[in-house]
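Below are the structure tokens for one structure; questions will follow.
All values derive from a computational prediction rather than experimental measurement.
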Amino acid sequence: MRVVLRIAYDGTAFYGFQRQPNVRTVEGELLRVLSRLGIIRDAESSNFKGASRTDRGVSAFFNVVAFDVESRPDLVRGEVLNHHLKDVWVLGVAEVPRDFHPRFWARSKIYRYYLVDEGFEEGPMRKCASLFVGRHDFSAFARLEPGKDPVRELTRVEVRKRHGYYVIEIEGKSFLWEMARRIVSAIRFCGLGLMEPEEVERMLAGDYKKKVPPAAPEGLILWHIAYDDVEFQGDVRGVGRAKRDLFERYSQALTRAALFGDVLLEL
């Protein structure tokens with residue numbers, strides 16, 4: 001049978017999603033555990049596929065991998081897998097058709113970027129964000145790969161203000177390499193007055209000399225992937241393990257933020 005796992009992970013613990021020799025990756029961590037438990041032999045024989053190859057430092061709350069279970073289907077549970085995985089958590093499992101591909105079957109993806117408020121002007125940020133909605137050539141806002149069509153369609157780009165920071169949410173069916181992070185940089189530059197929305201509009205029309213650089217990967221998280229007719233089932237113990245691990249990271253980050261916040265106030 002073929003199954004899919006909904007996974008979350010801390011991207012700062014890995015050199016990206018895709019497996020590479022001699023470095024730790026999300027895909028490598030999953031394959032290590034699945035093969036050690038005897039669920040699969042290797043990536044090739046199990047037709048192991050991922051939905052999104054996130055970059056180094058980028059996290060996920062909802063990424064998806066699919067593979068053919070070669071033995072021990074009873075072990076394909078969050079409770080079991082989360083006991084062996086490190087920095088990756090299985091939040092749901094579903095059985096899918098044999099030809100299921102998590103990237104090609106995805107209906108839409110949502111990325112979120114968390115941006116500390118630097119005294120932004122909200123009006124230009126929101127105007128800039130609105131320019132990216134629709135079908136555009138994103139050559140100026142992506143790191144292009146040979147043979148990849150630079151035209152993509154975004155259905156939503158929202159700027160939400162929270163206490164002390166902003167959340168930028170970007171939704172579309174597919175994304176180019178570094179596309180989400182470069183869009184965030186353009187929105188940030190507009191909020192700081194370093195770019196005008198009209199300049200972004202010209203760049204989308206192909207009038208540019210330099211590309212917008214990508215924002216730091218640590219602020220980006222793959223938030224959701226939508227599928228038709230796929231229902232992920234989580235188990236209480238598996239999700240509970242993920243909550244405990246994530247709360248520990250949250251506590252550590254909050255402690256450090258409070259520490260440096262007080263230092264800044266005293267300077």
Side-chain angles (χ1 to χ4, degrees), residues 11 16-18 50-60 62-63 101 103-162 165-226:
F17 177 86
Q18 192 171 13
S52 182
R53 296 177 294 176
T54 51
D55 292 339
R56 178 180 179 180
V58 177
S59 299
F62 199 128
N63 204 345
H101 193 297
R103 178 156 57 96
F104 300 139
W105 286 41
R107 185 160 42 84
S108 70
K109 297 177 183 177
I110 298 174
Y111 282 93
R112 280 187 177 182
Y113 197 95
Y114 290 77
L115 198 60
V116 173
D117 189 357
E118 300 175 68
F120 298 125
E121 289 289 334
E122 282 189 61
M125 291 178 77
R126 297 185 189 281
K127 185 175 181 181
C128 177
S130 69
L131 296 173
F132 291 107
V133 177
R135 188 174 178 83
H136 303 285
D137 183 329
F138 283 93
S139 295
F141 302 93
R143 186 174 175 181
L144 298 180
E145 298 175 85
K148 280 286 183 87
D149 184 356
V151 176
R152 292 291 187 273
E153 184 175 5
L154 297 181
T155 56
R156 185 168 56 91
V157 183
E158 292 184 0
V159 178
R160 300 174 184 171
K161 186 175 183 179
R162 296 187 181 176
Y165 65 97
Y166 285 81
V167 177
I168 299 173
E169 198 162 278
I170 306 171
E171 182 173 4
K173 181 174 174 57
S174 64
F175 290 77
L176 298 166
W177 192 4
E178 296 182 348
M179 178 175 155
R181 292 196 283 137
R182 290 175 188 262
I183 289 173
V184 168
S185 282
I187 294 171
R188 174 176 173 267
F189 290 161
C190 286
L192 292 172
L194 301 175
M195 286 181 70
E196 296 296 328
E198 291 75 18
E199 185 178 352
V200 173
E201 195 167 21
R202 289 195 298 271
M203 293 178 75
L204 285 170
D207 181 11
Y208 65 94
K209 293 182 179 179
K210 291 184 178 181
K211 295 186 178 187
V212 173
E218 291 80 11
L220 185 64
I221 184 168
L222 176 55
W223 192 252
H224 186 72
I225 303 178

message: To the closest 0.5 Å, what do you measure between CG (Leu222) and CZ (Arg112)?
response: 11.5 Å

query: For Asn63 and Ala51, which heavy atoms make the closest approach, and how far apart are they?
result: OD1-CB, 3.5 Å

query: Heavy-atom distance under 4.5 Å between the side chains of Leu176 and Arg182, does that happen here?
result: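 Side-chain contact under 4.5 Å: no.
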
field: Which atom of Ser108 lies closest to which atom of Glu171, heavy atoms considered
entry: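 Distance-wise, the nearest heavy atoms are OG-OE2, 3.3 Å.
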
- prompt: Do the non-hydrogen side-chain atoms of Arg188 and Leu192 ever get within less than 4.5 Å of each other?
  reply: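 Result yes, sub-4.5 Å side-chain heavy-atom pair found.
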
query: Are any of the side-chain heavy atoms of Met203 and Met195 separated by less than 4.5 Å?
result: yes

task: Look at the aromatic rings of Phe132 and Phe141 and report parallel, tilted or perpendicular, splitting at 30° and 60°.
output: perpendicular

field: Trp177 side chain reached by Pro214 side chain, heavy atoms, under 4.5 Å
entry: no

- prompt: Is Tyr113 reaching over with its side chain to a backbone N or O of Ala216, donor-acceptor style, under 3.5 angstrom?
  reply: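 A pair under 3.5 Å: yes.
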
field: Under 3.5 Å: donor-acceptor pair, side chain of Lys109, backbone of Ser52
entry: no

message: Treating Arg56 as the side-chain partner and Gly16 as the backbone partner, does any N or O pair qualify as donor plus acceptor under 3.5 Å?
response: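 Looks like no, no N/O pair under 3.5 Å.
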
- prompt: Should Phe62 and Ile110 count as side-chain neighbours, where that means a heavy-atom distance under 4.5 Å?
  reply: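 Result no, sub-4.5 Å side-chain heavy-atom pair not found.
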
- request: Over all heavy atoms of both residues, which pair between Gly50 and His101 is shortest? Give the atoms and the distance, please.
  value: O-CE1, 4.3 Å

CD1 on Ile168 to CZ on Arg181, rounded to 0.5 Å: 13.5 Å

query: Sequence neighbours excluded, which residues qualify as side-chain hydrogen bond (donor to acceptor under 3.5 Å, both in side chains) partners of Tyr208?
result: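 None.
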
query: Taking side chain as C-beta onward, heavy atoms only, is Leu115 less than 4.5 Å from Val159?
result: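 They are not in contact (no side-chain heavy atoms under 4.5 Å apart), so the answer is no.
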
- prompt: Does any N or O in the side chain of Arg160 come within less than 3.5 Å of the main-chain N or O of Val167, such that one atom is a donor and the other an acceptor?
  reply: no

- request: Write out all pairs satisfying side-chain hydrogen bond (donor to acceptor under 3.5 Å, both in side chains) with one or both partners inside residues 124-141, taking only residues at least two apart or from two chains.
  value: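 For residues 124-141: Glu122-Arg126, Lys127-Glu198, Asp137-Ser139.
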
task: Specify the closest pair of heavy atoms between Ser185 and Val212, including all atoms of both residues, with the distance to one decimal.
output: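 Here Ser185 and Val212 meet closest at CB-CG1, 3.5 Å.
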
- prompt: Would you say Leu220 and Val184 make side-chain contact, with heavy atoms under 4.5 Å?
  reply: no

message: Looking at every heavy atom in both Leu131 and Leu204, which two are closest together, and how far apart are they?
response: O-CD1, 3.4 Å

query: Within a strict 4.5 Å, meaning less than it, do heavy atoms of the Arg143 and Asp55 side chains meet?
result: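 Contact flag for Arg143/Asp55 side chains = no.
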
statement: Of all heavy-atom pairs linking Ala186 and Val200, the shortest is CB-CG2, 4.3 Å

task: Using ring pair (Phe, Tyr, Trp, His ring centres under 6.0 Å) as the criterion, list what pairs up with Tyr166, not counting sequence neighbours.
output: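 Ring pair (Phe, Tyr, Trp, His ring centres under 6.0 Å) check on Tyr166 returns Phe120.
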
- request: Please report the C-alpha distance between Tyr114 and Ile221 in whole Å, then the side-chain angles of each, then the deciding distance to 0.1 Å, and finally whether the side chain to side chain contact (heavy atoms under 4.5 Å, CB included) criterion is met.
  value: CA-CA 8 Å; Tyr114 290 77; Ile221 184 168; 3.9 Å; yes

